[in-house]
Amino acid sequence: MSHMLTKKLPPVQSILFLVTRKASQLSRQRYDVIVVGGGHAGTEAAAAAARVGAETLLVTQKIHTIGALSCNPSLGGVGKGHLVREVDALDGLCGRAGDWAGIHFSILNRRKGPAVWGPRAQLDRQRYREFIQAELLSTPRLMVLEGSVEKLLVTDPNPEEPGSHRVTGIHLANGSHPISASSVVLTTGTFLSGSLFMGQTTSPGGRIGDAPSSTGLSETLREKLGLRVGRLRTGTPPRILKDSVDLSLAKLHPPDTHPAPFSFMNTHTRCKPEEQLPCYLTYTTPGVERVVRESLHLNCHIHQDTKGPRYCPSIESRVLRFPGRSHQVWLEPEGMTSDLFYPQGLSMTMPPDVQLRLIREIPAMHRAEIHTPGYGVQYDYVCPTQLSPALQVKNTQGLFLAGQINGTTGYEEAAAQGLWAGVNAARWALSLPPVALSRTESYIGVLIDDLVSRGVKEPYRMFTSRAEFRTSLRPDNADLRLTLKGFEVGCVSSVRHDVALRVKSSLQDAIASLQALTLSTNRWRKKLPGISVSESKSSMLSGMELLQYKDVSFEILASVFPECLSPYMELSQRLKIEAVYKPHCDLSKREIERIQKEENMSLPQDIDYFTLPVSLSQEVREILNRFQPSTLGAATRLEGMTPAAVVTLFNYVHLTGRKERMLNRNEADNEEKEKRICAQEMHLYLNKSISE
């Protein structure tokens with residue numbers, strides 16, 4: 001068992017006393033990195049920056065809400081589970097926190113191939129929050145401060161770097177001294193000029209019971225930095241008292257009998273298989289639709305033009321978009337000892353009394369009682385095309401954004417952005433070059449590239465369908481794809497790095513052993529009489545090729561060849577998956593190499609495409625000038641870019657690069673010539689001195 005699952009966490013009360021509540025109590029007034037916000041993006045950003053080696057300060061409005069699950073008590077899912085595994089491979093927090101706090105584990109999408117499986121867990125809210133807080137407070141170089149940021153400190157840019165402004169720190173709302181930093185990461189979530197909606201009432205806030213971020217922060221982004229800022233909305237369902245639900249009228253959904261951990265560092269979860277809690281499935285009725293339609297005049301949030309999440313819509317939106325249908329409602333436990341259900345699928349913003357009428361139209365909840373009503377949130381976001389692939393604001397040196405401020409929705413998307421923004425904020429502060437993740441190597445790369453290249457028109461959610469190379473970007477191999485790179489950029493510990501190296505070496509040895517087991521099809525039939533080996537297959541088959549058969553497992557092969565395969569039994573599932581997807585990965589390798597070549601072709605920053613002396617249409621010039629793609633690869637994915645325009649850009653970049661190389665070569669030749677002349681003159685001078 002991993003030590004992460006056996007260590008004793010300090011109680012929440014003792015954690016809170018370890019946190020600095022006042023700026024005057026800080027041991028220093030200057031940091032390398034300041035992270036604003038203590039949600040999923042902020043906690044990952046702060047921890048990652050500190051791991052890279054930056055002195056880091058996390059500023060949050062309320063210390064006891066650090067790591068809080070603001071909406072659903074779950075982690076992972078299809079596409080989202082990939083992100084959790086990748087964050088874990090980069091030594092992030094949420095995967096290990098999920099293993100600690102999980103109370104119901106399941107793999108979604110099992111009917112499809114392992115490449116699109118979705119690891120998911122229901123979480124105990126309190127356990128998750130406690131784990132995140134304990135991790136942060138045991139992280140070296142990381143300080144936590146309770147406070148609200150009034151504005152950013154902005155000054156003139158460094159002329160040697162691109163950008164029109166430079167962030168140098170923050171100013172707190174309480175009027176205390178400013179706190180300086182080389183870089184700042186904003187992870188404001190739904191709190192940036194947030195407004196709460198319930199029925200016809202509106203109040204400022206980003207989460208019920210919490211105030212919004214200062215209006216000064218939003219004004220800094222809009223007015224001082226000149227960023228394009230939009231407005232999005234989301235919502236949350238009412239919380240239902242568990243004892244008031246008739247579970248006999250709902251369908252029981254048990255968890256997996258063998259919980260699969262999120263973290264590559266854990267062999268199993270904290271919650272034992274038999275201790276897991278079930279979920280329950282029920283459905284809406286025509287009565288639900290009737291209540292929605294009768295109360296539309298009482299619901300101001302649903303009439304707003306602000307875009308909401310398409311893939312997690314309110315029950316009002318679902319009823320209006322799909323009239324006459326029955327919709328799923330999942331009753332999810334909120335914790336081991338919690339007396340509440342979270343009704344997934346019933347996000348709503350109508351008045352509380354109408355909410356009660358609506359949920360009682362569902363048979364299993366005909367006598368249900370609401371503990372906390374549902375509500376809607378509207379908040380500001382920054383159009384993410386104004387960011388670089390490092391998640392740095394292009395026109396502002398040292399400013400990084402992550403999470404819902406970039407137009408995404410979901411804990412997992414926020415955590416992934418937070419980690420990568422934290423890495424790059426630390427590298428900026430330590431005068432190291434920025435790093436990017438390609439969409440050919442990770443779902444995090446797909447997420448960031450989609451945001452900075454295409455922008456958002458509605459809250460962005462990750463799906464496996466967004467990844468072109470999902471057969472190679474699987475949950476099972478995230479460590480092989482990312483851990484070694486994470487170690488190079490500084491965010492992965494030597495302990496995790498060593499584990500990943502051992503796994504990589506063992507997999508390579510196991511695959512080599514399988515490849516070496518090459519037998520004729522006749523001999524395979526004799527060795528494995530229960531397996532139907534195709535007659536049309538080649539006369540010779542390797543163990544790796546045979547493992548591609550649906551009814552052949554690594555365990556079966558190891559039982560026949562124990563001397564060479566039994567040492568690799570702990571990798572049996574991974575080897576099976578590697579074998580199944582090997583043909584697909586081999587076919588896509590050339591396309592991956594092409595895209596990587598395009599990604600390596602940088603486009604000049606701050607270029608005026610309207611005056612570029614190449615043949616481009618006015619429409620294409622407008623697109624390029626607006627989005628300022630950082631690479632040719634990013635330019636190819638812009639909506640409206642034509643193949644002809646891509647070829648023109650390719651030729652321009654290629655020609656410009658060749659001219660620069662020739663210029664550099666000439667400069668190098670001239671420098672070498674100068675050195676030779678100096679050496680000759682020195683030689684003559686020395687000879688003359690000796691003769692005299």
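Position 1 is the first residue of the sequence; numbering continues from there. Keep in mind that what you see is a predicted model, and the values were worked out from it rather than measured.
In this structure, Arg233 fails the cation-pi test against Tyr379, since its NZ or CZ atom is not both closer than 6.0 Å to the six-membered ring centre and inside 45 degrees of the ring normal. Note that Arg466 lies in the cation-pi zone of Tyr460, set by a 6.0 Å cut-off to the ring centre and a 45° limit from the axis. A cation-pi arrangement is present between Arg110 and Trp117 under the rule of less than 6.0 angstrom and at most 45 degrees off the ring axis.
The aromatic ring centres of His40 and Tyr128 sit less than 6.0 Å apart. With ring centers used as reference points, Trp330 lies under 6.0 Å from His253.
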Open item on the list: Assess the residue pair Arg270 and Asp99 against the criterion (salt bridge (charged side-chain N to carboxylate O under 4.0 Å, His left out)); give the C-alpha distance rounded to whole Å, side-chain angles, the decisive distance to 0.1 Å, and a yes or no.
Closed with: CA-CA 6 Å; Arg270 179 195 182 193; Asp99 291 344; over 6 Å; no
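With hydrogens and angles ignored, the 3.5 Å screen pairs a side-chain donor or acceptor of Arg496 with a backbone N or O of Asp88. Of the possible polar contacts, none joining the Thr234 side chain to the Val377 backbone as a donor-acceptor pair under 3.5 Å is found.
Counting only heavy atoms from C-beta outward, the side chains of Ile240 and Pro343 approach each other to under 4.5 Å. Residues Gln122 and Phe105 are not in side-chain contact: their nearest non-hydrogen atoms beyond the backbone lie 4.5 Å or more apart. Put simply, the side chain of Lys242 does not reach to within 4.5 Å of the side chain of Leu331, judged on heavy atoms.
Applying the side chain to side chain donor-acceptor pair (under 3.5 Å) criterion to Glu413, with sequence neighbours excluded, gives Lys80.
Checking Asn299 against Glu316 by side-chain atom types alone, a donor-acceptor pair falls below 3.5 Å. Side-chain contact, Thr236 with Arg239: a donor N or O sits under 3.5 Å from an acceptor N or O. Side chains of Thr408 and Asn406: no donor on one and acceptor on the other come within 3.5 Å.
Using a 4.0 Å cut-off between charged side-chain N and carboxylate O, Glu130 and Arg125 make no salt bridge.
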